[in-house]
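Report on the structure given below.
Just so we're on the same page: letters track the sequence lines, and every chain starts at 1.
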Amino acid sequence: MTPDASGADAVIDAVTAVFLVAGALMSLAAAVGLLRFPDLMSRMHAATKPQVLGLFLLLAAIGLQMRSWWVWPVLVVAWIFQLLTVPVSAHMVGRSGYRTKHGHRELLAADELEAVVLKAAGERAEEKAAGLRTNRSPG
Amino acid sequence: MKDLVLIITAVILSLAAAGAIIRIAVGPSLLDRVLASDVLLAILGAALAIDMAVNRHLNNLMLLVALTVIGFIGSVTVARFVADRREQPHDS
């Protein structure tokens, strides 16, 4: 940041300051959510805030401060990389959290995965029974 | 202005890191701890990004990307491990 900014510099510095503080507040929101939410799934909801929106605000602040166009593609690449990896890891954590029964079932409004899991389990049991009858492995 | 922003963000990020560390310490299950350490990693990345923005350099940008990869590999590996360990009694 420029020490004695005036004109456009002052405006850019003010926007940068707002972005930085807002991006830091996202981390605080995630920490508060981690501490106060009851189960794994709702904590996962809170945990995504600094990873996506917080990082976006902070990278935008960097782009504003560097005052050159060539940094923007680099920052976009860094952000898109985060956007690609965060859903995958969240999916894995949520999947194993559901399977090992970490969630509070009574807090859910709807559990659409349960029907799918039951159906898959039933099909697997049928296949196993058929395999035992004909004495060969299915498929 | 520069010092003010630095102090405010430092306080906020310290509080956030303290909250994440508390969740790592008391978290009832392994997955809660994985999630909290992911958040801690994001807070670390936020600190690096704020340093870059305030002091106008790009030295940490590659470190930021590497941090993303580390968090991704870490949480996917641990999630896989937990799923494997608990599923086996059901299958047999």
Can you name the nearest heavy-atom pair linking A:Ser27 to B:Ala46, along with the distance? OG-CB, 4.2 Å
For the candidates A:Met66, A:Met44, A:Arg67, which exhibits the highest count of non-hydrogen atom pairs separated by less than 4.5 Å from chain B? A:Met66
Write down the atom of B:Gly19, the atom of A:Ala31, and the distance for their closest heavy-atom approach. CA-CB, 4.2 Å
Is there a continuous path of hydrophobic side-chain contacts, each under 4.5 Å between heavy atoms, that joins B:Leu41 to B:Met52? yes
If you look at every heavy atom in A:Ile62 and B:Ala53, which pair is closest and at what distance? CG1-CB, 3.7 Å
Heavy atoms only, distances under 4.5 angstrom: which of A:Pro50, A:Ala47, A:Ala30, A:Ala46 has the most pairs with chain B? Name it, please. A:Ala47
Closest-packed option against chain B by number of heavy-atom pairs under 4.5 Å, given A:Leu64, A:Thr16, A:Leu35, A:Leu58: A:Leu35
Name the region of A:Val71, side chain, backbone, both or neither, that has any atom closer than 4.5 Å to a heavy atom of chain B. side chain
State plainly whether one hydrophobic cluster holds both B:Leu4 and B:Val11, where clusters connect Ile, Leu, Val, Met, Phe, Trp and Tyr through side-chain heavy atoms under 4.5 angstrom apart. yes
Can you say whether B:Val65 sits under 4.5 Å from chain A via the side chain, the backbone, both, or neither, judging by heavy atoms? both
Counting C-beta onward and ignoring hydrogens, is there a side-chain heavy-atom pair between A:Thr85 and B:Val69 closer than 4.5 Å? no
Are B:Leu40 and B:Val26 co-members of a hydrophobic cluster defined by side-chain heavy atoms under 4.5 Å apart? no
What's the separation between atom CZ in A:Arg95 and atom CZ in B:Arg80, rounded to the nearest 0.5 Å? 5.0 Å
Of all heavy-atom pairs between B:Ile12 and A:Ala24, which one has the smallest distance, and what is that distance? CG2-O, 3.2 Å
To the nearest 0.5 Å, what is the distance between CD1 (B:Ile8) and CG (A:Leu20)? 10.5 Å
How many angstroms lie between OG1 in B:Thr9 and CG in A:Leu28, if you round to the nearest 0.5 Å? 12.0 Å
Check whether any side-chain heavy atom of B:Leu64 lies under 4.5 Å from a side-chain heavy atom of A:Leu59, and answer yes or no. yes
Is A:Met92 linked to B:Leu30 within one hydrophobic cluster, defined over Ile, Leu, Val, Met, Phe, Trp and Tyr using a side-chain heavy-atom separation of less than 4.5 Å? no
Nearest-0.5 Å distance that lies between atom CE in A:Met41 and atom CG in B:Leu35: 10.5 Å
So CG of B:Leu61 and CG of A:Leu75: to nearest 0.5 Å the spacing works out to 6.0 Å
Under 4.5 Å between any side-chain heavy atoms of B:Asp38 and A:Val86, yes or no? no
Measure the spacing between CG of B:Leu13 and CE of A:Met26 and express it to the nearest 0.5 Å. 12.5 Å
Under 4.5 Å between side-chain heavy atoms, counting indirect links through other Ile/Leu/Val/Met/Phe/Trp/Tyr residues: same cluster for A:Trp79 and B:Ile50 or not? no
Between B:Arg56 and A:Gln65 (side chain of the first, backbone of the second, donor and acceptor by atom type, cut-off under 3.5 Å), is there such a pair? yes
